[in-house]
Amino acid sequence: MAAPASGVLLGLAGSDAETLRAIDAQGSGLRVVRRCADLTDLVGAAMAGLASLVVLETAFDDVDRAIIDRITRCGAVGVLLVPDGEEAQWSMPGWIVLSAAARPAEVRGALQALARRAVPPPPAGGWGTAAMTTGSAPQGARATIGSAPVPGEPMARSEEAVEAAPPPPGAPAAGRRGRIVAVWGPHGAPGRSTIAASLAHGLAPSGGALLVDADIEAPSLVELLGVPEDSSSLATAARLAAHGRLDDAELARLVVPIGAGVGLLSGLGRPGRWRELPPVAMEAVWGRARRAAAWTVVDLAGGPIDDAVDEYSLEPGRGAMASELLRQADEVLLVGAGDPIGVRRLLQLLTDCEEALGAGRAPRVVVNRVRASAAGPSPARAVRESLGRFGGVADPILLPEDPQAADRCVLEARAVLDLCPGSALGRALAGLVDALDPSAGCSRPARSRSRRGNTRAAGDGRHGRRRAH
């Protein structure tokens, strides 16, 4: 008895008659079960389990990476037809990527290669970055499955191959991959944005720094740094990445210079826009960011992260982007406030860190605004003892309360390490920079500039204007 034919969904922009005939040919082992009218129809059919194989053209009804990710979460994979030369930009785990000019017989052969292996259900939280085991593809097809080469075929450049290409000017040195530091913490405005902005300035001499406002609740870096408010450059980057059009040049065009070797990707204008940063698109943004600078500093929203997937639509949840980033980041700073409420919130969030960051990883704990008026006559010792006793934190990084420097930086819309490196807060932040990257040598310049910083503070106020970029 012959095995049942594998069902196929079609989502093609032009005529699909020749492709349909090739797939339904006798002995192919395939059968087209639906010719979808639009993406809603296609996603609905995949969610209903009508087929586990898909032929999808990127010109079909404005396809993007988020849609492909949702289809994959349904347990379906297939052949993605893209404009000639864009195979690398559209590489997706589990999918075979072909030129839209591929012959119908090539498309059928790719589907047969996928049908020869069982398609496992997606892991909890989606496929993420794990590439699936590959099969074979028809001779002559330019194809990639995830990031692995298809046996017998010339390999189309995947995202990993793109990262291995010669970096653009000002990017990390050859052979180095830019690092990402995520600045996270509990609710209550403990100073994440202030710390993130100074980290970017302090790390810039190590090969450039990119500051990213990925706070989906209350983005503030535009106001904090005096950048003229415009459309969100981060959302624009995610939109380009979702359609396979984000390259090094486009990213550089979106970055706003905010200092020597430092650029900003501005955040969302309001909380309701979080869907504009789908994790599958942001993964491509982070990959480009690693090429653009030695350090990418990401300011995240505070509080526990809920990355649950919507059971009905299979759409990633509100916290999915932050959850993926925390797992990918090279360094995670957990920032809390140096008062009893702030320390309690910090301890509560620490219990979620193993799940959020992955087993075996721990954040660097940073306590900001440590002061005697809120923590007693020996505030540093009190904070250290509380974190050590109740959270097992051996060596937290403490930043002092320095209202004069902090307020001046807010007034002049500049980062602390840019305007007041010699202040008490500036010296502590310089130590944090050096803890992340000893080659930055941030503490030494901070000490040498302390007199100049104090002179500016007593100056005629010519630096008091807000900077426009």
Side-chain angles (χ1 to χ4, degrees), residues 1-84 86-87 90-122 127 132-146 150 153 244 313-314:
M1 181 176 178
S6 299
V8 179
L9 303 174
L10 293 184
L12 300 178
S15 173
D16 60 6
E18 291 187 11
T19 302
L20 184 148
R21 283 195 293 269
I23 293 172
D24 281 350
Q26 186 174 5
S28 69
L30 306 169
R31 179 173 62 87
V32 173
V33 298
R34 177 166 295 186
R35 302 158 76 178
C36 301
D38 52 31
L39 285 178
T40 301
D41 188 17
L42 178 62
V43 173
M47 291 179 65
L50 297 186
S52 60
L53 296 174
V54 180
V55 179
L56 180 59
E57 188 174 358
T58 55
F60 177 71
D61 200 21
D62 198 28
V63 168
D64 61 22
R65 286 178 176 268
I67 289 294
I68 301 170
D69 182 57
R70 286 180 65 190
I71 294 171
T72 307
R73 290 172 187 270
C74 298
V77 292
V79 177
L80 190 62
L81 301 176
V82 306
D84 196 25
E86 294 187 8
E87 291 87 350
W90 284 99
S91 176
M92 294 284 291
W95 289 70
I96 295 179
V97 183
L98 297 175
S99 167
R103 298 187 303 274
E106 295 173 354
V107 175
R108 180 185 61 203
L111 287 171
Q112 290 169 332
L114 291 170
R116 280 195 290 269
R117 59 181 172 85
V119 180
W127 295 111
M132 298 171 61
T133 304
T134 64
S136 58
Q139 186 67 26
R142 292 188 297 272
T144 59
I145 303 180
V150 177
E153 302 303 328
S313 67
L314 296 183

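Below, each value reflects all heavy atoms present in this structure, side chains not excepted, and no hydrogens, waters or symmetry copies.
- R65 is not listed as a side-chain neighbour of D69, based on a closest heavy-atom distance of 4.5 Å or more.
- The backbone N or O of D16 sits nowhere less than 3.5 Å from a side-chain atom of T19 that would complete a donor-acceptor pair.
- When all heavy atoms are compared, the tightest approach of F60 to L12 is CD1-O, 3.4 Å.
- Between atom CG of residue L56 and atom CG of residue D61 there is a gap of 10.0 Å, rounded to the nearest 0.5 Å.
- By the 4.5 Å heavy-atom criterion applied to side chains, M92 and V97 are not counted as neighbours.
- What you find for V107 and V79 is that their closest heavy atoms are O-CG2, 4.1 Å.
- Across all their heavy atoms, S28 and A22 have their closest contact at CB-O, 4.4 Å.
- I23 is not listed as a side-chain neighbour of R31, based on a closest heavy-atom distance of 4.5 Å or more.
- Considering CZ of R70 and CE of M47, their distance stands at 6.5 Å, rounded to 0.5 Å.
- Contact annotation: the side chain of V63 never approaches that of E57 to less than 4.5 Å [non-hydrogen atoms, C-beta and beyond].
- Within the model, atoms CG of L53 and CG of L10 stand 11.0 Å from one another, a figure rounded to the nearest 0.5 Å.
- Taken to the nearest 0.5 Å, the OG atom of S99 stands 8.0 Å off from the CG atom of L81.
- From I67, atom CD1 reaches atom OG1 of T40 across 7.5 Å, with rounding to the nearest 0.5 Å.
- Looking at every heavy atom in both residues, D24 comes nearest to L30 through OD1-O, 4.0 Å.
- The shortest heavy-atom contact between I96 and A110 is CD1-O, 3.6 Å.
- The two residues L20 and R35 make their nearest non-hydrogen contact at CD1-CD, 3.3 Å.
- Side-chain N or O atoms of T58 include none that pairs as donor or acceptor with a backbone N or O of V82 at under 3.5 Å.
- With values rounded to the nearest 0.5 angstrom, D41 atom CG is found 5.0 Å from R34 atom CZ.
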